[in-house]
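To keep things clear, I will list the structure first and then write my remarks on it.
Proteins come first, then strands; the chains are lettered A, B, ... in the order of their sequence lines, and each starts at number 1.
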Amino acid sequence: MNMLEIEKKWQNYWDTHHTFEVKNNDTKPPYYVLVEFPYPSGSGLHVGHVRSYTAQDAIARMKRMQGYNVLYPMGWDAFGAPAEQYAIKNHIHPKEAVQENIKTFKQQMKNLGFSFDWTREFSTTDPEYYKWTQWQFLQFYKHNMAYKATISVNWCPNCKTVLSNEDAAGGVCERCGNAVEQKEKSQWMLKMASYAEDLLKGLDDTNFANKVKLGQINWIGKSKGVEVDIDIVGGGKFSIFTTCIETIYGITFFVIAPDGKLIKELLPRVKNKEEVLKYIEETKKKSNMARTELNKGKSGCELIGIKALHPITKEEVPVFLGDFVLGEYGTGAVMAVPSHDQRDFEYAIAHNLKMKQVIAGKDTTNEAYEKQDYLNVGAKLINSAEFTGLTVEEAKEKITAKLVKEGLARVVNNYKMRDWIFSRQRFWGEPIPMIYCKDCGWVPMAEKDLPLLLPDVAEYLPTDDGESPLAKITDWVNTTCPKCGKPAKRETDTMPNWAGSSWYFLRFMDAHNDQEFASMDAMKYWNRVDWYNGGMEHTARHLLYARFWVQFLYNIGLVPHKEMIWTRVSHGMVLGTNNEKMSKSKGNVINPDDIIKEYGADTLRVYESFMGDYQADVPWSTESLKGCKRFIDKVIRLKDKIGNLTGYQKDLEPLIHKSIKKVEYDTLHLGYNTAISTLMILTNALQNKEAISKEEYHVLLTLLNPYAPHITEELNEQIGYPPLCESSWPKYDEAKTIDETKIIGVQVNGKLRGEVAINTNEEEKSVREKVFNIENIQKYLAGKEVVKFIYIPNKIVNIIVK
RNA sequence: GCCUAAGUGGCGGAAUAGGUAGACGCACAGGACUUAAAAUCCUGCGGGUGUUAAAACCCGUGCCGGUUCAAGUCCGGCCUUAGGCACCA
């Protein structure tokens, strides 16, 4: 039989025996292994998918053999712009394109022998699934967590859609790379910012890798500071937020955001209205990126006629407009202390403004003396009335206390994370189940009427004015108000593709439930996701959205834990042989189908496990892949060495027990490459024997099975054992993992001068005797006095001489 | 600029608690088998001094310092690369 036939044979066996299908009421302990479900793109499975699916498959298969009821599910995240773009280009319904792609993906996964429970498969585009996505949106709405707001949003003129801040990172559209513009639009929002503190705290109840946690923390972006009220001369006031209250005596002007609310209030009192309005208009045209780039020169203008009072000294201070202040962040106004903030410093230079140094320790004529330099170095205040002479740290506390006591300020936490813009002007997404009635306003659809299906239409191009394609389908849009029964209109925006992926891992726990999104019993049985693997690029946003979604469901009593994901790990990319990201245009794409055809699925799986540090990017190497093929061939040939022996040969016993221990450990600690190398070492050792026993061969096959499931099943059957997928993982005996003898290094004054063979745990006295008999060691001891003899049992000897 | 991760042979990488640096694999070189090739097997493989061959010695984990009997690993200061964030107040 050739490789492909063997692979087919066992894939069929697993299918017909329902080997990987799991029940929710099993008495075995549950174990839930999850990989990010893919977006089924037209280009098929990427070798990068193979890397992480194989790694998690190895965990799943090993855990099964160890007696767990392992849930390893797969599904499809199929809403979103690429499918819609593809459909528009090829004049087919996105649904058809998606179905086609799913078929390809699924076949490729089957060809690789991944042990998914296919009975739980679903796509986010299935009405039976998005019914519950819509239902959950209604819960957000009913718990006052969803609202509509007219806001300045990121608008991509090319994709004709609104983007979240996250999607528009860097001021360019994530999808098409076009510059993002600002546009006023009415959008559905989810109150994610109100969960900032909970999302931060929740991290303590997870086992995420440290860098993943840090990613979350950075996105949430908590900063502690003081919000200070500022009176405007002639009436009115505004607030500023600062993290550097110690520099308050250094204020020489205020700057407010041109896109904020405050300027609208102040405008009637401004004397240079024309200049100000012109500047506001200019700002609107700039995307965040342009705003960043163009403002090297610190643009802005003074609000003539407006003066504000310094909160403590009550001196009159000028107020400026500047687009480096963002309307949406903090209070949309800042105190400017040019001597202690480089950005303020540059603005002051550009507009010829006064400066006042209030912290001693550096000359501030040419640049500001900033907090990263003056904090924690004992710097003291100057020019600060009664606070002069205090250290910066003391002043921070005392100034805050004074302002708070006088009712002028509040200690607040500020978060970068904002509410989630939840509307998209697209066709290919979950319709938002809301109805607008002239009399009743926004009314949620009745839950019993869900799902609100996407209409089957021929035309799904977005309109030029930014309305969703759904707006054109009048018989879908026109409906009646669920409250008063009068004619009303449906919301035509759809949900972002982050929506469906925010809770899919819950659905896998109870994929066919038509009464609820997943039953509490099912979720309690599976408990939570034990392993969640995905790309680093999703560890910030997707994970944050998913955690927010789950925490909300928890707060309304619908899921058993506030955090439903325990361990999150991320894998490195598989790069082209030239060390660059694989892409069609670079011509460095490796297609897994070709590799399977030529070398077999097991070779591909072993190679991708072995190729390098799992968390780091690795370039593809076909030469290295061939080495893995050689390894598998070697394992196959080893069968011919089986002789008339039974049990483990004495001298192999420690290696076998060590190998079990190491493969087991490495498989659960991202050490897939060292697990494979351990198996190579074991294989080499067996090969060096005249003959081996069936038991020895069987243990090798069992250990290799999670990585190379087809060939190991086949060889295992040939030597007369029951299928490995129904067998147990071997147990190692800790006592037997220890070698009887060991060779350790001998150093003199910390330099390696020889080695010595010792018995494990040999007494120092006898080791000492051996060591002093080594000729080369004697050379170094001659005529010297031994000051100290260091023996670290089973590790090293170091002799210190004088 | 800030945050995070990383920097080890020709290459991918290993070293799980500070204890013989370079496991395992690739590439390469030499040899065996073969009419030949492929496959397979054996040997070598960080740099250098040295030797008939060994032995032995010196240098070596981005750079400079430090702690320690002992540092790829810990500490301080730099440099470089990748990813993320960024006029964030």
Side-chain angles (χ1 to χ4, degrees), chain A residues 169-170 209-215 217-219 221 223 225-226 240-244 247 255 257 288 291-296 298 322-326 328-337 341-344 346-347 370-372 414-416 536-537 539-540 572-573 579 606-607 610-613 615-628 630-631 633-634 637 662 665-666 669 671 673-681 683-684 687 743-756 775-776 779 787-801:
Chain A
N210 222 14
K211 64 176 172 181
V212 175
K213 281 192 185 179
L214 278 162
I217 290 167
N218 287 343
W219 269 103
S223 58
V226 185
I240 55 106
F241 174 75
T242 179
T243 55
C244 304
T247 62
V255 186
N288 280 342
R291 225 157 132 168
T292 307
E293 275 177 7
L294 295 176
N295 271 288
K296 297 244 159 73
K298 299 295 160 202
D323 66 7
F324 70 84
V325 179
L326 305 177
E328 294 162 17
Y329 184 79
T331 57
V334 300
M335 65 179 206
V337 184
D341 183 299
Q342 190 59 27
R343 192 194 45 200
D344 296 349
E346 282 165 27
Y347 194 93
E370 293 195 278
K371 61 179 166 187
Q372 62 265 29
N414 220 329
Y415 301 91
K416 282 193 218 174
M536 201 57 206
E537 73 274 19
T539 53
M573 276 186 290
N579 235 316
V606 167
Y607 169 58
F610 184 63
M611 68 198 317
D613 177 352
Q615 297 189 78
D617 296 350
V618 193
W620 178 270
S621 160
T622 302
E623 294 309 316
S624 225
L625 171 94
K626 286 180 189 164
C628 293
R630 278 201 279 271
F631 166 58
D633 289 342
K634 212 187 258 190
R637 284 196 305 273
K662 186 154 172 63
Y665 182 91
D666 286 352
H669 292 84
N673 54 340
T674 46
I676 299 295
S677 92
T678 302
L679 293 166
M680 288 173 169
I681 292 168
T683 303
N684 292 341
Q687 195 196 227
I743 292 167
I744 63 170
V746 181
Q747 300 178 331
V748 178
N749 284 346
K751 289 221 170 215
L752 189 71
R753 298 300 179 192
E755 45 190 34
V756 63
E775 200 181 325
N776 201 46
K779 206 167 84 191
V787 186
K788 207 170 170 189
F789 184 87
I790 298 164
Y791 170 54
I792 309 297
N794 309 322
K795 291 227 165 123
I796 205 153
V797 171
N798 192 4
I799 307 166
I800 312 304
V801 298

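In RNA chain B, consecutive stretches of 3 or more Watson-Crick or G-U wobble pairs with both distances under 3.5 Å are given as paired ranges: B:1-7 with B:79-85, B:10-12 with B:24-26, B:28-32 with B:40-44, B:46-49 with B:56-59, B:62-66 with B:74-78.
Taking 4.5 Å as the limit, some side-chain heavy atom of A:Val797 sits within range of a side-chain heavy atom of A:Phe789.
Looking at heavy-atom distances under 4.0 Å, A:Ser621 makes no contact with the nucleic acid at all. Across all strands shown, A:Lys662 has heavy atoms under 4.0 Å from base atoms, whether or not it also approaches the sugar-phosphate. Nucleic acid contact class of A:Tyr665 (heavy atoms, under 4.0 Å, all strands): base. Across all strands, A:Ile799 comes closer than 4.0 Å to no nucleic acid atom at all (heavy-atom distances). Residue contacts shown for A:Ile800 are limited to sugar-phosphate atoms, with no base heavy atom under 4.0 Å away.
Each of B:rU40, B:rU20, B:rU16 was ranked by its minimum atom distance to the side chain of A:Arg637; first place goes to B:rU40. You'll find that the side chain of A:Ser624 is closest to B:rG25, out of B:rG13, B:rA89, B:rG25. Of the candidate nucleotides B:rG12, B:rU16, B:rA15, B:rG12 has the atom lying nearest to any side-chain atom of A:Val618. Across B:rU20, B:rG19, B:rA89, the shortest atom-to-atom separation from the side chain of A:Glu755 is found for B:rU20.
Rounded to an integer number of Å, the gap from A:Asp613 CG to B:rA15 C1' is 13 Å.
Projected onto RNA chain B by closest heavy-atom contact, A:Gln687 and A:Phe241 fall at different nucleotides, the more 5' of which corresponds to A:Gln687.
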